[in-house]
Amino acid sequence: MAYTIEQIATALGAKAFGAVDLEIDGLAEPADATARDLALAMKPEYAANLSQGKARAAMVWSDADWQSLGLDAAIVSPRPRYAMSGLTTMMDPGQGWGDGIHPSAVIDNTAELGPGVAVGPLAVICAGAKVGAGTIVGPQCFVGTNAQIGTMGFLREGVRIGARVMIGERFIAQPGSVVGGDGFSYVTPEKSSVEQARQTLGDTGDTQSQSWTRIHSLGAVRIGDDVELGSNCTIDRGTIRDTRIGNGTKIDNLVMVGHNVEIGNDSLLCGCVGIAGSTRIGNNVVLGGQTGVSDNIFIGDNVITGGGTIVLSNIPAGRVMLGYPAMKMDSTMEVFKGLRRLKRLFTDVAELKKTVSKNDASD
Amino acid sequence: MAYTIEQIATALGAKAFGAVDLEIDGLAEPADATARDLALAMKPEYAANLSQGKARAAMVWSDADWQSLGLDAAIVSPRPRYAMSGLTTMMDPGQGWGDGIHPSAVIDNTAELGPGVAVGPLAVICAGAKVGAGTIVGPQCFVGTNAQIGTMGFLREGVRIGARVMIGERFIAQPGSVVGGDGFSYVTPEKSSVEQARQTLGDTGDTQSQSWTRIHSLGAVRIGDDVELGSNCTIDRGTIRDTRIGNGTKIDNLVMVGHNVEIGNDSLLCGCVGIAGSTRIGNNVVLGGQTGVSDNIFIGDNVITGGGTIVLSNIPAGRVMLGYPAMKMDSTMEVFKGLRRLKRLFTDVAELKKTVSKNDASD
Amino acid sequence: MAYTIEQIATALGAKAFGAVDLEIDGLAEPADATARDLALAMKPEYAANLSQGKARAAMVWSDADWQSLGLDAAIVSPRPRYAMSGLTTMMDPGQGWGDGIHPSAVIDNTAELGPGVAVGPLAVICAGAKVGAGTIVGPQCFVGTNAQIGTMGFLREGVRIGARVMIGERFIAQPGSVVGGDGFSYVTPEKSSVEQARQTLGDTGDTQSQSWTRIHSLGAVRIGDDVELGSNCTIDRGTIRDTRIGNGTKIDNLVMVGHNVEIGNDSLLCGCVGIAGSTRIGNNVVLGGQTGVSDNIFIGDNVITGGGTIVLSNIPAGRVMLGYPAMKMDSTMEVFKGLRRLKRLFTDVAELKKTVSKNDASD
């Protein structure tokens, strides 16, 4: 679908300059742009590549001299990174499916589908499930018994929603994600070596080897509005109460959220993050890629962790953390610096010992 | 389904007190309980929330004064955590599917399904596969050629079992798990840089860049009885022999078990654990979340690792380990303490050097 | 299918000795071998187990005295590990499916399937998709709108290929992998705490809590020839340009490749590796299991990382790296050694301080 430069600028609340009637079919990086693309030249270093492409129009930074860049038209936005959201929404060609109920889908008679719900081929919707108006249930998806999904959602292919899971409005899930698998909760007849080691910080004492018995997960998962989920994630049901994810929280690929976990609003969980059971995560928290969080702890609002951080204890609100174990980022940076000089430190101390013992001897 | 307090206590081998005819429909945390829930008030701090809910009955700790908690009835179990297993089994509402063979399932004529086997919608069961009596193959599951699954198993939606995989009794798998993907095994025509770097601990010498050729995985996966598997796990087939998982071992979400790996009985692998090829893990081992284990090593019986542990070499039986690299937990705790004081240590040594060199000079 | 020792040796370019007409049905480790297996006794320590099995023939090392091992026939290859590739290809019994188009598959009229394409039960192929000659699309797979897959590919059960993804020849993907999920890309109306913390290395200043708005992923994924993908991987689409994976690159289970990432040729990504958005990885790179790589960085050709390495900044070509943070492997080995002696170092420095201050006092 084509838009004029003027239409795009208006939609973004941005300013249009030059040949504002120019039609645009898509977005492109400057070097790859055709004459019908809007080039994304939001910084001078990006704009330098415009000459390698054929763009006649570009999104440029605030005080750019767009004419000297050889453009016929330009769009200027006060925060171009934010404008990318509106731009990519307008230009998204989508997945090319998503209308109507495919005849190969298996939908229980008692499931309730709102107006405009689409169900892809070979999807399964179980008894008592409710899917809100305008939601697209993709090909090969699964919606369990009595599960609820709000309006205007979009489930990509093969998403699986377990029984009794409740999801708010505008939910988006990428392929292969699982919401509502059982929690990982087992118990031994007598106190286990793990219980013992936790109490003693490492000593398993005389605990005996035992087999594990399953604690079933009776809780569900409760997800707020505007939540998004990456590919192949797993969000477990709670044991008794529900696992909860607040409004506006976005979760990347291959993230695991354990049973009973509570996550607040507007948090970001980057790829491969793992959160163990019963941990609580606040609002506006950002967990960097591969961050691991122990069970039964608390991470306060606005906490940020860097990539690979291993969180073994509570983090108060507002902290920026990094490392294994997680420490304040500046402390971990100091540790990283120290590790690089550690060999030298050992040498220094060895030399000091020699000197001092010699001095001692010569006293 | 409703049970009386007496029925529940009898089933758990626990003691019932008070109005033992009271009917219970479900379990709840104390603050959330309705009058027909059994509240789980197994510790005084949980019981403190009973007044926020409407529970008339609760599971309480051994010497609890249940009447003073405002309850009409109570169940007392010697190990309440263990009683949770029986309780949640009784009260589990299940997934709401699992009877009969759905007409949309694609089942090869030569597959053998035992009595009472259920197959969900859009599942596929291939030629020569055998599914034991009472096992439920969930919606959209896949059971490969000549694969065998024992009796009384439960495969949640979208579980995939590859060709020739052999699984014992009472197997439970959460959605999206894959058993029997091919191993990650490639070889170069000449010695590769990785082989060289492993021998020299870091020096790739004059090895040349080469392309990788595939070694096919001819082995299968052999899984014992009472094994459980989380969501979106991957258990690879062996190269020549089978990958093996012993009886009673439980595996959490997003765990990877590489080709040829052997895992003993009654071990626990927590979320996001990765075990590289040909490694052997003993019995009653517990690997904490995100633990990574190198290939071709050995972890002895009863070993426990804390979250995020990276295991690069063998671990003798009985050790409790933590850290990167894995060390005994108390050693790693010392290291963590040392890291927090590392900057101070550098300062101390710098000052010492100054003092000592001054003393030296003044000698 | 049976082969004679001579046929096998010829196919491998290896030498056959003894009863070269002996027929072989399969491969086995020495202790497990039947009389119709070729035992894999490529090292003396493997050959030691021949007596526990019934092998009449074995693959042996270059100067092995095969007759004294009790064998009737032997195959000798100059690089036996490499011969495993040819051997396992010949002997692979496969998955037991893969002929013809299953009637339960849902294939759009406008999809183009080359000669000899097979489509498994309950697979979905969308409008405009092109599947090259001889490619097998497994059971319950998904091929999105206008996606292209080259010739002679093999998609195991439940692989999902999103819209417009382009894949070269001989692609192999294990069950549950996802190519073409949306990237994890969000933006806040004003500068976010993460943008601020990155600039200041840890100080979020006075940034306000905000909600995240989605940047859509308009790019696709472009994958070269001879690429292989493990189980339950996720390869995200690019934001504007395509995410790219070069020829001959092999990717293990549960690996995440973020949006806009570029990976060169003949690289290996081991299990549970995560690569954040817009990072570039060179040719012949090997990333060990659970390696994590930050966004927007660069890893040069021939780099190798050990298991669990966390890469937070660029790595020049040819480096062998380990640790958190990633350092050259020998440096990290020194650090590991230092950590084990860290407690002792603190003690030494404490004693030095005492001695020196005493000396000072006694001056």
Side-chain angles (χ1 to χ4, degrees), chain B residues 106 122 124 126-127 140 142 144-146 158 160 162-163 176 178 181-182 184 186-189 193-194 197 201-202 204 209-216 218 232 234 236 239-241 254 256 258 272 274 276 292 294 310 312 324-325 327 331 334-335 338 341 345 348-349 352 355-356 359 362, chain C residues 27-29 32 40 81-82 84-85 88-89 91-93 95-97 104 121-122 139-140 156-158 174-176 228 230-232 248 250 252-254 266 268 270-272 283-284 286 289-290 302 304 307-308 320 324 328-330 333 336 339-340 342-343 346 349 352-353 356 359-360 363:
Chain B
V106 176
L122 304 170
V124 173
C126 293
Q140 300 167 328
F142 176 85
T145 308
N146 294 325
R160 304 185 200 284
V178 171
D182 289 355
F184 191 67
Y186 299 91
V187 62
T188 48
S193 58
V194 176
L201 291 181
T204 56
S209 297
Q210 300 171 77
S211 292
W212 299 95
T213 305
R214 164 174 250 263
I215 294 177
H216 286 240
L218 310 191
N232 283 349
T234 69
D236 279 0
T239 306
I240 301 297
R241 67 172 189 269
L254 291 169
M256 148 155 195
C272 307
S294 280
I310 302 291
L312 300 171
Y324 181 14
M327 290 185 282
S331 304
E334 285 289 341
V335 166
R341 295 158 49 206
L345 186 69
D348 284 357
V349 171
L352 272 171
T355 311
V356 169
N359 291 359
S362 68
Chain C
L27 305 179
E29 301 195 355
D32 303 331
L40 300 170
R81 187 167 160 71
Y82 186 66
M84 280 293 289
S85 172
T88 57
T89 304
M91 295 296 178
D92 190 350
Q95 290 298 312
W97 42 261
S104 66
L122 305 170
Q140 300 166 327
R156 287 276 303 266
E157 54 272 21
Q174 301 302 316
E228 304 188 20
S231 302
N232 284 350
K250 318 293 187 189
D252 198 359
N253 300 347
L254 291 169
D266 295 320
L268 289 190
C270 297
C272 308
N283 302 316
N284 296 94
V286 178
Q290 288 190 340
N302 297 297
I304 298 175
V320 181
Y324 180 16
K328 288 172 82 169
M329 185 174 278
D330 48 5
M333 294 303 234
F336 287 176
L339 292 180
R340 291 178 199 280
L342 192 59
K343 191 181 175 184
F346 274 97
V349 172
L352 274 169
K353 282 168 74 173
V356 169
N359 292 357
D360 248 21
D363 275 354

Option in D182(B), V124(B), V335(B), N146(B) with maximal non-hydrogen atom pairs under 4.5 Å from chain C: D182(B)
Cut-off 4.5 Å, heavy atoms of chain C, and the answer for L254(B) is both
Heavy-atom proximity to chain C below 4.5 Å, by part of T239(B): side chain
Which atoms of R156(C) approach chain B - backbone, side chain, both or neither, heavy atom under 4.5 Å: side chain
Measure the spacing between CG of N232(B) and CE of M256(B) and express it to the nearest 0.5 Å. 14.5 Å
Between CD on residue E334(B) and CE on residue M327(B), distance to nearest 0.5 Å: 10.5 Å
Top contributor to chain B interface from L342(C), N253(C), L27(C), V320(C) [non-hydrogen pairs under 4.5 Å]: N253(C)
Got a sec, which residues hit side-chain hydrogen bond (donor to acceptor under 3.5 Å, both in side chains) with Q140(B), two or more places apart in sequence or on another chain? R160(A)
Which bit of T89(C) is near chain B, if near means a heavy-atom gap under 4.5 Å: side chain, backbone, both or neither? both
Side chain, backbone, both or neither of V349(C) within contact of chain B (heavy atoms, under 4.5 Å): both
Mind checking ring-ring contact (aromatic ring centres under 6.0 Å, His included) for Y186(B) and listing every partner two or more places apart, or none if nothing turns up? F184(B)
Among the options P325(B), A197(B), G338(B), G202(B), pick out the one with the most heavy-atom pairs lying under 4.5 Å from chain C. P325(B)
With a 4.5 angstrom heavy-atom cut-off, which part of S294(B) approaches chain C: side chain, backbone, both or neither? neither
Against chain B, label Q290(C) side chain, backbone, both or neither, depending on which of its atoms sit under 4.5 Å from a heavy atom there. side chain
Of all heavy-atom pairs between T234(B) and S231(C), which one has the smallest distance, and what is that distance? CG2-CB, 3.5 Å
Between D266(C) and N283(C), is there a side-chain heavy-atom distance shorter than 4.5 Å? no
Beyond-backbone contact of K353(C) with L352(B), side-chain heavy atoms, under 4.5 angstrom: yes
Can you find a pair of side-chain heavy atoms, one from L218(B) and one from D92(C), that are under 4.5 Å apart? yes
From L345(B) atom CG to F346(C) atom CZ, the distance as rounded to the nearest 0.5 Å: 4.5 Å
Using heavy-atom distances under 4.5 Å, tell me whether S209(B) contacts chain C through its side chain, its backbone, both, or neither. both
Most heavy-atom pairs under 4.5 Å with chain C, out of C272(B), G274(B), G258(B), P189(B), belong to P189(B)
Chain C contact via L122(B) - side chain, backbone, both or neither, heavy atoms under 4.5 Å: both
Chain B: which of R81(C), M329(C), K328(C), E157(C) shares the most heavy-atom pairs with it under 4.5 Å? E157(C)
Where does D252(C) contact chain B at under 4.5 Å (heavy atoms): side chain, backbone, both or neither? both
